[in-house]
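Chain letters run A, B, ... following the sequence lines, proteins first and then strands; every chain starts at 1. Quick note: numbers below take in every heavy atom, side chains included, and nothing from hydrogens, waters or symmetry partners. Here the structure is a predicted model, which is why all the values come from computation and not from measurement.
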Protein chains: 2
Amino acid sequence: MGSLKTGELAQQAGVNVETLRFYERKGLLPDPPRRQSGYRQYPEESVDRIRFIKRAQEVGFSLDEIRELLALRVRPGTTCSGVRQRVEQKIRDVRRKIADLEAIERALTELTASCSSRGPISECPILENLDGEFPSPREAKAKSRRP
Amino acid sequence: MGSLKTGELAQQAGVNVETLRFYERKGLLPDPPRRQSGYRQYPEESVDRIRFIKRAQEVGFSLDEIRELLALRVRPGTTCSGVRQRVEQKIRDVRRKIADLEAIERALTELTASCSSRGPISECPILENLDGEFPSPREAKAKSRRP
DNA sequence: CTACAGCCCGTACCCTAGTACGGAGTCAAG
DNA sequence: CTTGACTCCGTACTAGGGTACGGGCTGTAG
């Protein structure tokens with residue numbers, strides 16, 4: 001044992017069977033070995049791979065980007081420097097995403113704070129906590145806010 | 001001064017003019033005042049709003065979710081408790097995304113580390129740093145890996 | 001005053017990421 | 001050995017997020 005049929009993999013990974021075929025076509029999931037009948041036999045690790053894809057999607061990577069991410073591992077004889085370049089770019093991308101999310105988190109936290117501190121209704125003005133809160137494109141715009 | 005035409009806003013925010021109309025239709029951008037000719041007059045803050053939308057998209061929020069996020073602010077007389085519920089859910093979503101990204105970041109960092117420590121080619125095995133690294137669906141699966 | 005860029009609107013089109021469909025082959029249980 | 005669940009494949013369809021198109025108005029620089 002230790003190999004999965006499409007239905008089993010789909011269920012364990014929480015996706016549709018068609019999605020697996022789709023990912024295979026797109027090169028996100030390597031073509032698995034088949035038995036003589038043509039049935040696919042997925043290794044158990046495929047579950048992790050699918051889940052990784054799903055998580056990466058949830059944080060805003062496209063399937064193309066995810067294919068790149070996955071390609072970064074499992075390279076037998078690639079030159080390190082070439083890989084390093086791309087990995088370091090990816091790391092920067094990821095950090096930018098994290099920074100953006102942290103800004104959103106701060107804004108939301110302030111929002112609950114301003115909400116819960118004063119008690120009831122209409123004392124909860126919930127203002128523009130989310131505006132202009134994003135320093136991440138490394139340029140700090142001088143805002144001239146004139147009435 | 002202090003109001004923008006569609007083309008100006010589009011350019012400053014780095015999006016297509018059509019995108020602005022699209023967002024307006026979708027309720028992401030409130031209908032701006034018009035002059036008698038019908039020309040839209042956007043307030044300057046619209047730039048921030050568009051940029052926010054773009055950032056939020058990059059970290060995996062759909063336009064529907066972004067509309068909700070934007071709706072959380074600027075509420076005149078909503079009941080705090082109702083808002084709080086939703087905000088706190090959002091905060092959890094955001095934290096999960098951050099955790100996922102941090103896992104990816106760690107994996108990528110290890111990857112460069114394993115790459116740069118030993119020198120040249122083919123000594124760079126770059127293995128499955130990215131597999132099974134994701135604890136975030138709060139269930140730790142006991143893996144029985146049998147040869 | 002007229003030209004030409006810029007705006008208006010509705011509609012049609014495009015890409016991405018799946019989902020669904022349906023006819024044919026497979027396989028385990030009864 | 002048949003039946004029902006599962007698999008195969010190719011193709012078609014969908015929803016989300018835009019983009020493009022084209023005909024008609026606007027507004028400002030010459």
Neighbours of DNA chain C within residues 29-41 of chain B, by heavy-atom distance under 4.0 Å: Arg34(B), Gly38(B), Tyr39(B), Arg40(B)
For Glu24(B), give me all partners under side-chain contact (heavy atoms from CB on, under 4.5 Å), at least two apart in sequence or on another chain. Asp31(B), Pro32(B), Arg34(B), Arg40(B), Tyr42(B)
For Arg21(A), side-chain hydrogen bond (donor to acceptor under 3.5 Å, both in side chains) partners two or more places apart: none
side-chain contact (heavy atoms from CB on, under 4.5 Å) involving Phe22(A) - partner list, sequence neighbours excluded: Arg25(A), Lys26(A), Leu63(A)
Listed by chain and number, what are the salt bridge (charged side-chain N to carboxylate O under 4.0 Å, His left out) partners of Lys90(A), not counting sequence neighbours? Glu68(A)
Partners of Gln41(B) by side-chain hydrogen bond (donor to acceptor under 3.5 Å, both in side chains), sequence neighbours excluded? none
Mind checking what makes salt bridge (charged side-chain N to carboxylate O under 4.0 Å, His left out) contact with Arg92(B), not counting sequence neighbours? none
Using chain A heavy atoms and a threshold of under 4.0 Å, write down where along DNA chain C the contacts begin and end, 5' to 3'. dA17(C) to dC27(C)
Sugar-phosphate atoms are those with a prime plus P, OP1 and OP2; base atoms are the rest. Using that split, label each nucleotide of nucleotides 16-23 of chain D B, S or - for protein heavy atoms under 4.0 Å, 5' to 3'. -BBSBB--
So does Arg67(A) pair up with Asp64(A), basic N to acidic O under 4.0 Å? yes
Who are the side-chain hydrogen bond (donor to acceptor under 3.5 Å, both in side chains) partners of Tyr23(B), not counting sequence neighbours? Lys54(B)
Applying side-chain contact (heavy atoms from CB on, under 4.5 Å) to Pro43(B) and not counting sequence neighbours gives Glu45(B), Ser46(B)
Run the side-chain hydrogen bond (donor to acceptor under 3.5 Å, both in side chains) test against Glu102(B) and tell me which residues pass, sequence neighbours left out. none
